[in-house]
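Some notes on the structure that comes next.
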Amino acid sequence: MQQLNVVICGFDHYENIDVNPSYEVPEALARDGIGEPSDVDDPLHDANVSINTVALPVSFANAWPTLLETLDATRPDIVIATGLKHAAHSVAMERCATNLMNAARPDADNALPRFEPIIKDGPAAYWTRLPLRAIINDFARDGIPATLSSDAGTFVCNSLFYQLLHWTATQDRVLAGFVSFPPINGGSRLQNGLDLRQQVRAGRDVVRETIRYYLQPSSGDILIA
Ligand code: PCA
């Protein structure tokens with residue numbers, strides 16, 4: 001049985017959103033777990049999974065240091081970062097993070113960076129190594145509306161994701177990704193969105209597929225940074 005440590009982070013308070021899926025989904029997964037293996041051949045049988053969560057400030061300066069504290073304390077094998085996309089109608093799996101901050105509104109510290117790199121002289125972008133194809137297939141099976149997204153914008157979500165992948169590139173064997181959730185529908189005037197159960201299910205699919213891929217990578221070098 002292999003011990004696998006998973007960190008799932010979200011944002012603690014976001015504008016005037018009452019129930020933030022990027023806070024609720026990590027909490028639900030830590031509380032309720034990721035479910036049973038699906039059949040006898042499922043690699044999930046071989047994993048003893050522990051999940052840690054952390055809620056981050058919507059701050060260019062402080063989101064990443066707060067996550068890094070948890071990473072240093074828990075030494076995870078898998079890191080799933082999450083955020084909220086107001087205008088989204090589906091769960092978006094982010095494919096890459098770009099080295100750009102360009103805020104249209106101030107963050108929690110009133111910072112408003114315009115066309116600035118996140119890491120001076122850093123690569124233009126980093127690709128995630130999450131098994132996006134398998135995840136999207138699971139979403140289809142579970143009836144979860146989903147998209148592949150080419151970036152998480154230019155606000156704090158993208159900045160956090162870029163710094164996470166920059167850090168991941170220095171680690172031996174860590175898989176990291178970013179999930180953008182739509183608003184939770186039902187309780188507000190927002191027309192777009194998905195109910196919380198669907199979003200928790202999406203989060204569970206992401207973690208389950210990433211663990212499977214971690215244990216049985218489909219290509220020999222895929223986890224080598
Ligand atoms: N969404 C914002 C920051 C925090 C969040 O959940 C963004 O799109 O960058």
Side-chain angles (χ1 to χ4, degrees), residues 7-30 53-71 79-119 122 124-126 128 130 144-167 176-188 190 192-196 198-200 202-203 206-207:
V7 167
I8 312 175
C9 66
F11 287 94
D12 52 8
H13 179 72
Y14 185 52
E15 293 183 347
N16 46 8
I17 295 284
D18 297 335
V19 190
N20 182 352
S22 98
Y23 180 83
E24 301 296 332
V25 172
E27 289 300 307
L29 295 184
T53 64
V54 55
L56 309 175
V58 184
S59 155
F60 283 103
N62 294 322
W64 168 243
T66 307
L67 175 56
L68 185 57
E69 261 177 45
T70 301
L71 303 183
V79 187
I80 307 296
T82 73
L84 171 68
K85 266 194 182 166
H86 268 292
H89 291 249
S90 56
V91 179
M93 293 304 306
E94 302 297 344
R95 302 177 70 208
C96 62
T98 56
N99 191 11
L100 175 65
M101 296 184 281
N102 189 27
R105 57 193 184 285
D107 73 358
D109 306 322
N110 257 335
L112 192 68
R114 288 283 164 89
F115 295 105
E116 286 176 35
I118 298 161
I119 294 178
Y126 284 106
T128 182
L130 291 200
I144 299 164
T147 47
L148 280 179
S149 165
S150 58
D151 64 69
T154 54
F155 195 52
V156 177
C157 287
N158 175 68
S159 179
L160 176 78
F161 190 25
Y162 185 88
Q163 290 173 93
L164 171 60
L165 291 180
H166 188 72
W167 173 85
F178 196 100
V179 186
S180 293
F181 289 114
I184 294 171
N185 66 7
S188 76
L190 290 167
N192 60 316
L194 295 176
D195 70 44
L196 182 58
Q198 266 179 311
Q199 305 211 36
V200 171
V206 172
V207 176

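Keep in mind that what you see is a predicted model, and the values were worked out from it rather than measured. Just follow the structure's listing: the first ligand is 1, and inside any ligand the first atom is 1.
More than 12 heavy atoms of other residues, nucleotides or ligands sit less than 6.0 Å from atom OH of Y126.
Side-chain N or O atoms of N102 include none that pairs as donor or acceptor with a backbone N or O of T154 at under 3.5 Å. Of the possible polar contacts, none joining the S149 side chain to the M93 backbone as a donor-acceptor pair under 3.5 Å is found.
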- Decide yes or no on side-chain hydrogen bond (donor to acceptor under 3.5 Å, both in side chains) for T128 and E94, but give the supporting numbers first. CA-CA 8 Å; T128 182; E94 302 297 344; over 6 Å; no

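By the 4.5 Å heavy-atom criterion applied to side chains, L130 and I80 are counted as neighbours.
Residues satisfying the ring-ring contact (aromatic ring centres under 6.0 Å, His included) criterion with F11, sequence neighbours excluded, are absent altogether.
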Taking a 3.5 Å cut-off between nitrogen or oxygen atoms, can you list every pair linking ligand 1 to the protein, with distances?
from     : atom 1 : to   : atom 2 : distance (Å)
ligand 1 : 1 (N)  : L84  : O      : 3.0
ligand 1 : 6 (O)  : L84  : N      : 2.8
ligand 1 : 9 (O)  : V156 : N      : 3.3
ligand 1 : 9 (O)  : C157 : N      : 2.8

